[in-house]
Amino acid sequence: MRDAKSILYERLSVAFSEVSLGADPVLRPSAHADFQVNGALALAKSLGRNPRELAESIVAGCDLTDVCEAVEVSGPGFINLRLSESFLVSQALQMASDSGLGVGGGQEGSRGRVVVDYSAPNVAKEMHVGHLRSSVIGDALCRLLEREGYDVIRENHVGDWGTPFGMLIEHLVDVADGGAVEELTVSDLDAFYREARTCFDSDEEFAERSRRRVVKLQSGDRETLDLWRLLVAESMRHFEEVYSRLGVLLTPEDVVGESYYNSMLDSLVEDLDDLGMLVEDDGAKCVFPPGFTNRDGEPLPLIIQKSDGGYGYAATDLAAIRDRVDDKGAKRIVYVVGAPQAQHFAMCFAVARAAGWLPDDVEAVHVEFGNVLGSDRKMFKTRSGETVKLIDLLDEAVERAVSAISERGDSVSSGIESVARMLGIGAVKYADLSTERTRDYMFDWERMLAFEGNTGPYLQYAHARIRSIFRKGGVEGADVTIVPVIRDERERALLVALVGFGAAVSEAVATYSPSKLCAYLFDLATTFTSFYEGCPVLNAPDAESRGSRMLYCEMTARVLADGLGLLGIEAPEQM
RNA sequence: GCCCCAGUAGCUCAGUGGAUAGAGCACCGGCCUCCGGAGCCGGGAGCGCAGGUUCGAGUCCUGCCUGGGGCGCCA
């Protein structure tokens with residue numbers, strides 16, 4: 001389905017091009033109309049013409065009568081557009097009769113293959129709050145991209161390889177007597193990791209054994225690999241539990257850990273060498289991509305192979321690019337990784353481009369995000385200063401949601417546990433998704449669980465309330481074959497908001513910004529509330545109006561549930 | 001020292017070079033005997049500082065201030 005904005009943009013672009021080839025109409029949402037067109041002002045300036053006159057002539061040469069009921073030149077040369085009722089109604093009918101609410105358009109997967117790299121926890125460590133944003137944002141982006149018609153491949157680049165495993169395995173050998181190894185749980189592993197670290201830092205003999213163990217691991221020693229697999233398997237169970245609790249789509253099939261690329265690294269170095277890009281510096285094999293300097297203004301290396309022969313994460317990331325382009329057929333690679341990694345990815349992309357591994361028609365994007373902060377504006381920690389475990393955070397979210405529901409005295413027929421889970425988890429995810437992702441955001445239980453303001457619970461409640469109208473009216477849903485009517489400005493405002501859903505989704509995808517979809521949903525919910533305040537639905541003055549308003553309610557509920565769904569948040573029918 | 005990101009109302013946040021900078025919370029004042037108070041309507045209060053580009057700057061450029069991050073063998 002073509003949304004209003006894209007239809008208008010296309011028509012206006014033609015009209016503007018007739019005046020000056022390729023001129024941008026600068027179509028924008030407006031407080032003065034449904035849309036405003038600002039392009040005439042800049043164009044008039046560059047052509048040395050009067051902006052109002054130019055705007056008038058563009059309006060005269062552009063037929064929008066099937067879409068707009070009013071096209072007016074205003075102020076110094078703005079063009080204000082008001083959508084026609086017949087257009088709004090036809091858009092609404094198309095949406096209502098489409099199970100996908102008119103979002104997307106193309107065939108499933110028709111817009112190309114996209115690899116999305118997100119979450120990326122580490123083996124032998126519990127997932128913590130630091131993994132929250134990548135998991136939640138990455139998952140929302142996957143859902144959004146899929147809906148827009150992309151063929152999405154999720155990849156979980158877990159840290160399952162490298163030097164830490166030497167000390168972990170060696171410590172395992174030290175403490176394991178018989179069956180104790182099989183009893184190992186992840187919770188133990190977190191403490192286990194710290195113990196291993198301590199031994200490594202304080203015991204030179206242990207450290208040496210660890211280093212030898214790394215070599216054994218990399219050379220494929222059977223006993224070592226068995227111990228390694230034990231650590232990996234236990235960690236995977238833990239990741240599964242967290243993803244399930246969090247409602248993240250990642251599965252074990254999506255795991256492509258660092259170890260996967262191990263066998264590709266020797267040839268990667270050879271290829272870089274053959275290309276003449278490799279420079280040995282202090283015993284390390286490096287590439288110096290142009291434009292990057294260190295603190296002394298000297299060229300900054302991307303270290304491919306360390307002086308001890310081991311590989312760093314740059315090698316793995318480069319191998320991953322080759323794998324994703326050559327073997328997975330990606331036309332776009334999206335990395336949902338924190339902002340501090342910006343320089344690392346910029347360097348990796350630069351090297352991959354220079355090596356010809358990342359062709360010009362393949363896009364690589366670092367979707368960066370800021371930190372989660374506590375109320376003290378410092379990194380979010382527990383009261384005692386410890387890293388917050390993700391599983392504990394999610395448990396607390398659900399507990400707090402139970403209290404919130406109980407305090408409100410809501411009767412929940414489907415079970416408070418189920419609703420509390422949707423509310424609590426939804427609140428955490430929505431709080432994360434609704435702020436502009438490059439900024440740090442403050443983690444605040446009270447605010448995210450509030451039923452007022454731009455929160456998950458607010459939108460879930462809005463949805464549940466609308467559903468309750470139908471229950472009360474004794475009907476399953478609205479009759480989607482009914483032709484809606486507009487008799488009130490509030491009905492019109494709601495309709496305008498509803499038909500903007502597709503554009504909101506497109507915008508969120510184009511900028512990798514779930515927060516834009518959040519803003520849209522919040523606006524829709526508040527617009528609905530104004531409508532609902534002034535326009536009785538079940539008590540509408542006549543059958544035609546009642547049916548029409550039921551349709552508005554139905555569509556609003558569907559858009560809210562669908563929009564939340566695209567963010568990875570569930571919307572209960574009752575709460 | 002160099003580079004990157006951020007600085008918007010008392011607080012938390014929106015804001016694709018366009019008209020009078022918007023929400024929510026908190027505060028103040030009205031309204032609703034009605035579909036679950038997500039109430040509804042209205043009010044006060046703000047772009048870190050200084051220049052510049054532009055018909056027009058929160059948005060672009062330069063400098064400065066504040067905070068966070070990065071800057072060779074952890075990943």
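First the proteins, then the strands, lettered A, B, ... as listed; each starts at 1.
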Sort me out a list of protein N/O and nucleotides 71-75 of chain B N/O pairs below 3.5 Å, or just none if empty.
from  : atom 1 : to       : atom 2 : distance (Å)
B:G72 : N1     : A:Asp281 : OD2    : 2.6
B:G72 : N2     : A:Asp281 : OD2    : 2.8
B:C73 : O2     : A:Ser307 : N      : 2.8
B:C73 : O2     : A:Ser307 : OG     : 3.4
B:C73 : N4     : A:Asp282 : O      : 2.9
B:A75 : OP1    : A:Lys306 : NZ     : 3.4
B:A75 : O3'    : A:Glu258 : OE1    : 3.1
B:A75 : O3'    : A:Glu258 : OE2    : 2.3
B:A75 : N6     : A:Tyr313 : OH     : 2.9
B:A75 : N1     : A:Gln341 : NE2    : 3.4

Any N/O pairs under 3.5 Å between the protein and nucleotides 22-27 of chain B? List them or say none.
none

Produce the list of close N/O pairs, under 3.5 Å, pairing protein atoms with atoms of nucleotides 54-63 of chain B; give distances to one decimal.
from  : atom 1 : to      : atom 2 : distance (Å)
B:C55 : OP1    : A:Lys45 : NZ     : 2.6

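Pairing for B:G46 is absent, judged as Watson-Crick or G-U wobble with the two contacts each under 3.5 Å. B:G7: Watson-Crick or G-U partner is B:C65, with both key distances under 3.5 Å. Base pairing annotation: B:G17 forms no Watson-Crick or G-U wobble pair, as no partner gives both donor-acceptor distances under 3.5 Å. Nucleotide B:A23 forms a pair with B:U12, judged by Watson-Crick or G-U wobble geometry with both contacts under 3.5 Å. Remark: B:C2 base-pairs with B:G70. Criterion, Watson-Crick or G-U wobble with two distances under 3.5 Å.
Looking at which nucleotide of RNA chain B each of A:Phe528 and A:His32 is closest to, the 5′-most match is held by A:His32. Residue A:Leu27 is the one, among A:Leu27 and A:Cys535, whose nearest nucleotide of RNA chain B lies closer to the 5' end (criterion: closest heavy atom).
Between the A:Asp488 side chain and the A:Arg490 main chain, a donor and an acceptor come within less than 3.5 Å of each other. In this structure a side-chain-to-backbone donor-acceptor pair under 3.5 Å is missing from A:Arg549 to A:Leu538. Listed for the A:Ser513 side chain is no donor-acceptor partner under 3.5 Å among the backbone atoms of A:Ser515. A donor-acceptor distance shorter than 3.5 angstrom exists from the side chain of A:Asp3 to the backbone of A:Ser6, with no hydrogens or angles considered.
Residues from residues 504-520 of chain A that place a heavy atom under 4.0 Å from any atom of RNA chain B, listed by number: A:Lys516. Looking at residues 434-445 of chain A, you'll see A:Thr435, A:Glu436, A:Arg439, A:Tyr441, A:Met442 sit with a heavy atom under 4.0 Å from some atom of RNA chain B.
Aromatic ring orientation, A:Trp228 versus A:Trp161: perpendicular (interplanar angle above 60°, classes split at 30° and 60°). Under the 30°/60° scheme for interplanar angles, the aromatic rings of A:Phe206 and A:Phe200 are found to stand perpendicular. Classification of the A:Phe192-A:His171 ring pair by plane angle, with boundaries at 30° and 60°, yields tilted.
Counting non-hydrogen atoms under 4.0 angstrom, A:Pro29 reaches a base of the nucleic acid. Within the 4.0 angstrom heavy-atom criterion, base atoms lie near A:Arg28. Heavy atoms of A:Arg471 sit under 4.0 angstrom from at least one base atom. If you check every strand for non-hydrogen atoms under 4.0 Å, A:Ala346 touches nothing. Across all strands shown, A:Ala339 has no heavy atoms under 4.0 Å from either base or sugar-phosphate atoms. Within the nucleic acid shown, A:Pro340 comes within 4.0 Å of sugar-phosphate atoms alone, with no base atom in reach, counting heavy atoms only.
Atoms CZ and CG, on A:Phe501 and A:Leu560 in that order, are 9.0 Å from each other to the nearest 0.5 Å. Once rounded to the nearest 0.5 Å, the distance linking NZ of A:Lys381 with CZ of A:Phe443 reads 15.0 Å.
Picking from B:C41, B:A38, B:C35 the nucleotide with the shortest atom distance to the side chain of A:Thr529 gives B:A38. For A:Arg377, the listed nucleotide lying nearest its side chain is B:C13; candidates were B:G36, B:C35, B:C13. Across B:A38, B:G36, B:U16, the shortest atom-to-atom separation from the side chain of A:Tyr458 is found for B:A38. Distance from the side chain of A:Ser530 is smallest for B:C41 among the nucleotides B:G36, B:C41, B:C13.
The C1' atoms of B:G24 and B:C4 are separated by 31 Å, rounded to the nearest whole Å. Across the P atoms, B:G43 and B:G22 are found 11 Å apart, a figure rounded to whole Å. Look at the C1' atom in both B:U54 and B:G69: the space between them is 33 Å, to the nearest Å. Using C1' as the reference atom, B:U59 and B:G18 are 11 Å apart when rounded to the nearest Å.
Pairs passing the ring-ring contact (aromatic ring centres under 6.0 Å, His included) check and including a residue from residues 296-318 of chain A, sequence neighbours excluded, read A:Tyr313-A:His344.
Look at CG on A:Leu423: it is 12 Å from P on B:A38, rounded to the nearest Å. For the pair A:Arg490 CZ and B:C40 C1', the interatomic distance rounds to 10 Å; values are reported in whole Å. Summarising the geometry, the separation between CD on A:Glu489 and C1' on B:C41 is reported as 16 Å, rounded to the nearest angstrom. At whole-Å resolution of the value, CZ in A:Phe345 and P in B:G70 are 15 Å apart. Between the CD atom of A:Glu533 and the P atom of B:G36 there is a distance of 13 Å, rounded to whole Å. Rounding to whole angstrom units, CZ of residue A:Phe369 and C1' of B:C4 are separated by 16 Å. Across the protein-nucleic acid pair, A:Tyr430 atom OH and B:C13 atom C1' stand 11 Å apart, rounded to whole Å. Taking atom CG of A:Asn38 as the reference point, atom C1' of B:U16 lies 11 Å away to the nearest angstrom.
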Going through the distances and angles, do A:Leu27 and A:Leu81 end up as a side chain to side chain contact (heavy atoms under 4.5 Å, CB included)? CA-CA 10 Å; A:Leu27 179 65; A:Leu81 306 177; 4.1 Å; yes
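Minimum interatomic distance between A:Arg546 and A:Val537 (heavy atoms only, all atoms of both residues): CG-O, 3.3 Å.
OP1 or OP2 of B:G36 sits under 4.0 Å from a side-chain N or O of A:Tyr532.
Residues A:Tyr441 and A:Asp432 have side chains that bring a donor and an acceptor to within less than 3.5 angstrom of each other.
In the interface, the side chain of A:Asn80 is paired with the base of B:A19 through a donor and an acceptor atom under 3.5 Å apart.
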